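These notes concern the structure reproduced below.
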Amino acid sequence: MTRFFLVDIHYTIEAGKAILRLYGRDGKGKPVTLKDENFEPYFYVVCDDPAGLEDLKEDDFHVTKVEKEEKLLLEKPVTAYKVYVNLPTAVPVLRELAKDIGQTLEDDVLFARRYLIDKGLTPLDLVEAEVEGDSIKTIKAETGTYTPKGLAFDIETYTPPDRKEIDYDNPIIMIAVYAPDYQKVLTWKKAKGAEVLDSEKAMLERFVDVVKAYDPDILTGYASDGFDLPYLLARCKKLKVPLALGKDGSSVITKGRSRQEARITGIAHVDLYKFIRRVLGRTMKTQSFSLNNVSQELLGEKKQEVDLDNIGSAWDAGKIDEFVEYNLQDTKLTYNLMLKVWPSLLEMTKIVGLPLFDASRLSFSQFVEWYMMKKAFSMNELFPAKPGYREQTRRMGQRAQGGYVYEPEPGVYDNIAVYDYRSLYPSIIVSHNISPGTVNCECCKGKIPEHDMHFCKKKQGFVSGVIKELLDYRTTIKKQSQKNKDVVLEARAYALKVLLNSFYGYLGFAMARWYSTQCVEAITAYARHYVKDVIAKAEKQGFAVRYGDTDSCMLELGKKTEKDAKKFLQLVNKGLADPMELELEDVFPAGIWVATKGTAQGAKKRYALLDKEGNLKIRGFESVRRNAAVIARKTQQELLMIVLKDRDKEKAVKLVKDTVDKLRKNELPIEDVVITTQVQKTTDKYESVGPHVAAAKLMENKGRTVKKGTIVAYIVKKGEGKIRDRVQLAEDARQGEYDGEYYITNSLVPAVENILSVLGVSPESITEATQQTTLAGF
DNA sequence: TAACAACAGTCCCGAA
DNA sequence: TTCGGGACTGTT
Ligand SMILES: Nc1ncnc2c1ncn2[C@H]1C[C@H](O)[C@@H](COP(=O)(O)OP(=O)(O)OP(=O)(O)O)O1
Ligand SMILES: [Mg+2]
């Protein structure tokens, strides 16, 4: 009997047979490798007459047996034939032949993943195997707490002083690895603090040895899928060094060109850049996803800045001491980032049940889909086929209505109670049993809001059942995080929230296996119903409704107290079916809503609240937008603080006037007028060329690569004509080069005018008055 | 930086 | 000069 934490799984074909190898570590920290030779690949065929299935064959591929099974497809019973084949690689071949006989299903499930699903094993959790030698006889899942054994690494490459592109002809000059109990920097020129090897080749060989000796479960880098490992591989190939990091002695394997990934057999390679960018990217404030910026935001740690542009000349001059420090520092940051995201990453890996390598690279849709597939197996549901191209296009044209947003009345208000449904869409799915298989059942009647549709009340739906489990779990975590004010739990609750909301999105996602417009329509119709219901109830109770968006409702308490606010919460919750629940997030001493530009109408998705500790919670305003000029963002934020906290109109006016003045007199440093904007396509693809695209082209002219996602920092210069003809890269901007008038009219004034007008101050008075003082100065 | 969804504000370009 | 739409970013 062997018990161990499962880290990775991989299969090979030996003597015409698929052999799975499971890699992991036992409770004492000893590495474990076991093989399973008794798992057979298969797919399903749904048909009336299975004749001919057993005889399918092509080349070396053939069917080994066929079993009849009663399964469910989209929650309806079907008879399916389970077609076993001799090799995993036979599946994509024989399924094509089987298409003449019936509908093939589950014919695109990777073999190792199939194994994990069928055996119910969870990576990074315990498994228990009965073995003979190193061969698995039986295997089952257990539970235990895994402690990660990780190693971070980073390479530095030689770059000639005048070049910046990646060129595999340039050598790797340094490699660092970091774990709390082990650090090393390798290089091949004399340097303080490093182990100095004779040559690049020797260094690469040593690197392989170092990693093997440390024997990590997890090897982590920052952008290591796209840079470090492909680079290492290229240099190793050139110098004839096997990059044999695999636990079976195999080399690192890279895959894909646009979306590269580097796999190491038996070790979970985690590219933190990829994971952070995809999972946290949307919510991060950072200007770029450089290791430094990301560490700054996530860890509050900044590494020493070293000018890497000089690494080539420094190397040539043999002055590389500072790069040793720098290289190690990078790996330390990478390691700490790993620790930071570990609770969420571990959570997601265990939930989805795929190896860490795969789990850390999943998109949200893949995540949802693999989770559903895992659950489907245990509930005897067949995995529906992925939609074909035509079906995808058809779905693309469909659009379901979304959430309701209440139009606010511009103004400053006191004592705002903020209510918000906990996991609204997921809780609707669960409480109303929304699932493709429960739509308009024969056995029940009823009608959902806005649509002639109902959902079964008797039979548990597949999707609703799957989400219920996760939702209950998230609720526990969220409550714990609130109770203990624990940021780690909060991060986990957040990851789970996004995941849960992705189930709703997934049901309306064109490429989904489980796709249902009806479900999507139902979910959002219920959501609109529930948020409007709170609004109506609040009004009935005499509250002034100030705002609401999708699942939230903000009430001005007026003469009412916080106790009344809590009573109202009870009232609403009494009318809600489990697991739906409205939460009272907080009562804020003050809040402001403004008009949309050029109208008197209240702007949605733009407001600010002052909390009891005196902090601002700003939503939608320029101050939280990276593509607004820094000066506009700063001034607006200060202004909001003055308006909500100091309540000082004079001070507010003065702030803006002073800022206008400084802009006019060109007194502000360049950093204050920088605008950062992302290019979402390559620069040649633009129909309309805006300032940031013009700036991106300036970068390209300087020989810099601009890719999708590059964030461009620029300023607007004085001059005539279009704004795009007046941009200058922030890095090249000279002091005083910016156009103060542009920033006043197009940036600062728009950001503050609707706030000032709530106070009854007209923007003209601000700019005019300054003009007068300026003139008076002459 | 392909791939969970919809709703919404603002800036600037480009056609009329 | 006006106005619609492309582009980007944020909120839920
Ligand atoms: N990223 C998203 N994808 C799809 N739907 C979303 C997303 N974000 C929000 N929604 C929808 C579904 C949510 O239930 C609803 C309300 O959003 P929100 O209040 O932010 O989250 P939530 O209600 O799910 O969690 P909680 O309020 O407990 O943090 O809006
Ligand atoms: Mg909510």
Side-chain angles (χ1 to χ4, degrees), chain A residues 226 256 258-259 273-274 277-278 281-283 285 289 362-369 386-387 392 395-396 398-407 420-421 423-426 497-512 514-515 517 519-521 523-524 527-528 531 547-552 594-599 601-607 617-629 632 675-682 685-694 707-712 716 721-725 727 742 745-747 750-751 754:
Chain A
S258 57
R259 287 174 60 212
Y273 166 79
K274 226 177 222 180
R277 176 127 203 186
R278 203 185 37 255
R282 286 285 161 79
T283 54
K285 305 258 72 189
F289 284 90
L362 293 178
S363 64
F364 281 102
S365 63
Q366 288 172 309
F367 193 101
V368 167
E369 196 155 271
K386 283 187 187 153
Q392 278 173 38
R395 292 176 180 185
M396 226 81 101
Q398 295 186 320
R399 189 156 233 88
Q401 202 187 329
Y404 165 79
V405 190
Y406 181 96
E407 186 185 304
D420 185 308
Y421 283 96
S423 285
L424 180 67
Y425 288 17
K497 160 180 170 164
V498 179
L499 215 60
L500 279 157
N501 287 335
S502 302
F503 278 82
Y504 145 72
Y506 175 85
L507 288 167
F509 173 52
M511 304 182 76
W514 280 271
Y515 176 85
T517 317
C519 289
V520 170
E521 299 270 20
I523 293 162
T524 56
R528 291 188 292 274
V531 75
Y547 187 58
D549 185 345
T550 309
D551 78 329
S552 68
V594 301
T596 57
K597 206 184 168 207
T599 76
Q601 285 188 342
K604 297 166 175 178
K605 301 193 187 280
R606 275 166 84 83
Y607 62 90
K617 173 172 165 171
I618 302 175
R619 294 292 177 256
F621 277 118
E622 282 78 0
S623 17
V624 295
R625 299 179 66 91
R626 72 159 153 237
N627 61 348
I675 299 164
T676 52
T677 307
Q678 174 179 224
V679 289
Q680 290 183 336
K681 25 186 165 184
T682 44
K685 295 276 192 308
Y686 281 87
E687 216 174 289
S688 113
V689 175
H692 76 291
V693 183
K707 291 187 291 195
K708 287 182 190 176
T710 300
I711 293 170
V712 183
V716 177
K722 298 206 185 309
I723 291 152
R724 66 150 175 255
D725 298 324
V727 296
Y742 166 82
T745 337
N746 297 37
S747 196
N754 287 344

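Lettering follows sequence order; numbering is per chain, from 1. Computed from a prediction, not measured in an experiment: that's the story for all the values here.
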Which part of the nucleic acid does A:S688 contact within heavy-atom distance under 4.0 Å: base, sugar-phosphate only, or nothing?
sugar-phosphate
Does A:Y607 have its ring centroid less than 6.0 Å away from the ring centroid of A:Y547?
yes
Side-chain contact check for A:Y504: nearest option of B:dA8, B:dA5, B:dG14 is B:dA5
A:E687/A:K681 ion pair, N-O < 4.0 Å:
no
Looking across every strand, which nucleic acid part, if any, lies under 4.0 Å from A:K707 by heavy atom: base, sugar-phosphate, or nothing?
nothing
A:R606 side chain to A:R619 backbone, donor-acceptor under 3.5 Å:
no
So what does A:V520 touch, heavy atoms closer than 4.0 Å: a base, only the sugar-phosphate, or nothing?
nothing
How is A:Y607 classified with respect to the nucleic acid when contacts are heavy atoms under 4.0 Å: base, sugar-phosphate, or nothing?
sugar-phosphate
In whole angstrom, give the distance that lies between atom CZ of A:R395 and atom P of B:dC4.
14 Å
Whole Å only: how far is the CD atom of A:E687 from the C1' atom of B:dC12?
14 Å
Mind checking if A:G402 touches a base, just sugar-phosphate, or nothing, with heavy atoms under 4.0 Å?
sugar-phosphate
Heavy atoms under 4.0 Å, any strand shown: does A:F367 hit a base, just sugar-phosphate, or nothing?
nothing
Using a heavy-atom cut-off of 4.0 Å across all strands, would you classify A:A400 as base, sugar-phosphate, or nothing?
sugar-phosphate
Select base, sugar-phosphate, or nothing to describe what A:V689 touches, counting heavy atoms under 4.0 Å on all strands.
sugar-phosphate
Considering just the side-chain nitrogens and oxygens of A:N746, establish if one lies under 4.0 Å of OP1 or OP2 belonging to B:dC11.
no
Value in whole Å for how far the C1' atom of B:dC13 lies from CG of A:D725
11 Å
May I ask you to decide if the ring planes of A:W514 and A:Y506 are parallel, tilted or perpendicular, using 30° and 60° as cut-offs?
tilted
What nucleic acid atoms does A:Y421 come within less than 4.0 Å of, heavy atoms only: base, sugar-phosphate, or nothing?
nothing
Nearest-angstrom distance, C1' atom, B:dC4 to C:dG6:
24 Å
Would you name the heavy atoms of A:S623 and A:I618 that are closest together and state the gap between them?
OG-CG2, 3.8 Å
Rounded interatomic separation in angstrom, taking CG from A:L500 and P from B:dA5:
17 Å
Has A:N754 got a side-chain atom pairing as donor or acceptor with A:A595's backbone, closer than 3.5 angstrom?
yes
Pair A:T596-A:Q601, side-chain donor/acceptor within less than 3.5 Å
no
Would you classify A:R278 as touching base, sugar-phosphate or nothing, given that sugar-phosphate means primed atoms plus P, OP1 and OP2, and contacts are heavy atoms under 4.0 Å?
nothing
Applying a 4.0 Å non-hydrogen cut-off, can you work out what A:R619 is touching in the nucleic acid: base, sugar-phosphate, or nothing?
sugar-phosphate
Determine the contact category for A:Q366: base if any of its heavy atoms lies under 4.0 Å from a base atom, sugar-phosphate if only primed atoms, P, OP1 or OP2 are that close, otherwise nothing.
nothing
When rounded to the nearest Å, what value does the distance between P atoms of C:dT12 and B:dA3 take?
23 Å
For A:K604, report the nucleic acid contact type (base, sugar-phosphate, nothing); a contact means any heavy atom under 4.0 Å.
sugar-phosphate
Are the charged groups of A:K605 and A:D549 less than 4.0 angstrom apart, N to O?
yes
Exam field: side chain A:Q392 to backbone A:P387, donor-acceptor pair closer than 3.5 Å:
yes
Please report the distance, rounded to the nearest Å, between NZ in A:K497 and P in B:dA5.
18 Å
Checking base pairs now: Watson-Crick or wobble, both atom distances under 3.5 Å. What partners B:dC4?
none
Where chain A begins and ends its contact with DNA chain C, read 5' to 3' at 4.0 Å from heavy atoms:
C:dG6 to C:dT12
Would you mind telling me which residue lines up with the more 5' stretch of DNA chain B, A:T596 or A:K274, judged by nearest nucleotide?
A:K274
Taking CG from A:N501 and C1' from B:dA6, how many angstroms apart are they, rounded to a whole number?
12 Å
Would you mind classifying the nucleic acid contact of A:F509 as base, sugar-phosphate or nothing, using non-hydrogen atoms under 4.0 angstrom?
sugar-phosphate
Could you tell me the Watson-Crick or G-U partner of B:dA15, where both distances fall under 3.5 Å? Say none if there is no partner.
C:dT2
Between A:L507 (CG) and B:dA5 (P), how many Å, whole number?
11 Å
CD of A:Q601 versus P of B:dT10: gap in Å, rounded?
11 Å
